[in-house]
Amino acid sequence: MRRLSAVLLVCAACTGDPAAPHLARGNVLVNNGKREEAVAEYREAARLNAKSGVAYERLGDVLHDLGRKDEALTAYREASARDVAGFTARIGAARVLTDLGKLAEAREELSAALRHNPTNLYLLLSRGNLAQRAGDAKAALRDYETAVHLESRNVPALFQYGGALLQDGQVDEAGRTFDRLVQVAPESPEGWFGRARWLARRGDSAGAARALSAANERVEPDARRRLSEQGLKGEALESAAAEAARKSRAQMESDAAFTAFARGASFRKAAGFAAR
């Protein structure tokens with residue numbers, strides 16, 4: 001690790017940017033869990049290259065991790081002022097504002113980013129999620145619909161769009177959306193869970209239980225795949241996958257869509273929840 005750190009610092013020094021060594025040291029410090037020390041390096045990098053937003057953005061990230069949210073927000077906004085068309089600093093600011101309960105301001109940060117990046121799927125879905133939290137279901141539906149039109153095979157976009165359609169009373173269209181999701185990603189639990197919610201809305205308890213069972217079977221393998229892609233292996237992977245699956249199953253079981261059926265033993269057994 002020390003050898004790698006030295007290589008990074010030497011490479012940074014060769015760029016001609018006086019801030020680069022401080023950015024590199026800050027990154028190494030963050031990777032080693034020394035966030036307080038990284039703050040000083042990023043502040044110095046920002047001082048030495050006042051036109052660049054990179055140091056401010058990284059400063060915002062580490063301040064957020066330290067729980068210094070007001071300072072993090074200031075850093076993200078300094079970064080955005082230097083890179084008006086960028087979006088990652090806007091996402092950071094939206095995250096802080098959401099933590100502070102300022103959903104309207106968080107949505108505006110994402111809207112500002114979308115003005116320069118109108119096809120960014122992450123921005124659209126994030127703004128839609130914030131609209132849902134703020135109770136603006138119509139705005140959320142518009143964002144999810146736009147996301148699906150941009151990428152018709154995207155699992156999160158299809159899942160969120162189907163849920164928003166269901167909430168909006170467009171039950172048949174929601175069903176078609178969840179069917180599409182099952183078709184494009186049959187091994188993902190989202191499509192089956194969405195289909196279960198749709199069937200519950202129609203009063204089909206047996207169909208909802210079968211779809212929930214299918215979702216339940218896919219939760220842990222899906223979690224294991226995602227965590228493996230993040231680099232986890234062995235016992236750490238298995239433990240994390242089991243915990244992620246436990247949380248997902250608890251969320252599915254407690255979903256309000258199944259309130260009318262959830263206390264029935266036959267429904268819980270068919271859905272795969274009987275052991276929990």
Side-chain angles (χ1 to χ4, degrees), residues 23 26-27 29-43 45-46 52-118 120-144 146-147 155-157 159-160 163-164 167 190 223 226-227 230 232 240 243-244 246-248 250-252 254-256:
L23 283 172
N27 295 343
L29 288 165
V30 168
N31 290 338
N32 284 282
K34 298 179 179 179
R35 289 178 170 78
E36 289 287 359
E37 295 176 47
V39 168
E41 293 293 343
Y42 291 144
R43 287 197 192 280
S52 173
V54 175
Y56 281 108
E57 186 174 330
R58 293 183 186 173
L59 177 61
D61 291 341
V62 73
L63 287 169
H64 180 271
D65 290 344
L66 289 168
R68 294 157 63 176
K69 294 178 182 177
D70 290 337
E71 293 177 74
L73 182 58
T74 298
Y76 285 132
R77 286 180 166 162
E78 290 285 356
S80 294
R82 288 159 175 77
D83 183 11
V84 177
F87 61 88
T88 51
R90 295 282 188 185
I91 290 171
R95 178 179 55 176
V96 173
L97 289 164
T98 300
D99 290 346
L100 296 172
K102 299 178 179 180
L103 299 184
E105 292 183 46
R107 292 167 68 185
E108 181 50 40
E109 289 288 343
L110 298 178
S111 295
L114 280 162
R115 284 194 282 273
H116 296 280
N117 306 273
N120 187 298
L121 213 65
Y122 182 85
L123 290 172
L124 282 165
L125 293 176
S126 297
R127 189 174 69 173
N129 293 344
L130 287 177
Q132 285 274 31
R133 289 183 59 174
D136 192 348
K138 291 292 186 182
L141 179 59
R142 288 193 298 271
D143 279 342
Y144 298 147
T146 301
V155 171
F159 179 71
Q160 297 289 49
Q167 184 178 354
E190 289 91 343
R226 288 185 290 102
L227 292 166
Q230 295 173 21
L232 287 182
E243 178 62 14
R246 183 191 66 77
K247 291 180 178 178
S248 294
Q251 289 175 351
M252 289 194 297
S254 63
D255 193 283

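Index from 1, following the sequence. Since the model is a prediction, treat every value here as computed from it, not as a measurement.
- Residues T98 and R133 share a closest heavy-atom pair of CG2-NH1, 3.2 Å.
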Practice problem: Output, in order, the C-alpha distance, side-chain angles, deciding distance and verdict of side-chain contact (heavy atoms from CB on, under 4.5 Å) for N27 and Y42. | Solution: CA-CA 9 Å; N27 295 343; Y42 291 144; 2.6 Å; yes

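- Between the side chain of N117 and the backbone N or O of N120, no donor-acceptor pair lies under 3.5 Å.
- Of all the heavy atoms in D143 and G128, the pair that sits closest is OD2-N, 3.4 Å.
- The main-chain N or O of F159 is never found under 3.5 Å from a side-chain atom of Y144 such that the two would form a donor-acceptor pair.
- Within the structure, the salt bridge (Lys or Arg N to Asp or Glu O under 4.0 Å) test picks out the following pairs touching residues 84-96 (sequence neighbours left out): D61-R95, R90-E109.
- Considering every non-hydrogen atom in both V84 and A81, the closest pair reads CG2-O, 4.0 Å.
- By the side chain to side chain contact (heavy atoms under 4.5 Å, CB included) test, K247 is found to be paired with E243, residues two or more places apart in sequence or in another chain being considered.
- The shortest non-hydrogen separation linking R107 to L130 is CG-CB, 3.6 Å.
- Heavy atoms only, all atoms of each residue included: A131 and A140 are closest at CB-N, 3.7 Å.
- Look at R68 and E36 and you find a salt bridge, because one of the NZ, NE, NH1 or NH2 atoms lies within 4.0 Å of a carboxylate O, short of that distance.
- Counting heavy atoms from C-beta outward, V39 and R43 have side chains that approach closer than 4.5 Å.
- Between R82 and E57 there is no salt bridge, since none of the side-chain N atoms of the basic residue sits less than 4.0 Å from a carboxylate O of the acidic one.
- Across P118 and L124, no two heavy atoms sit closer than the pair O-CD1, 4.0 Å.
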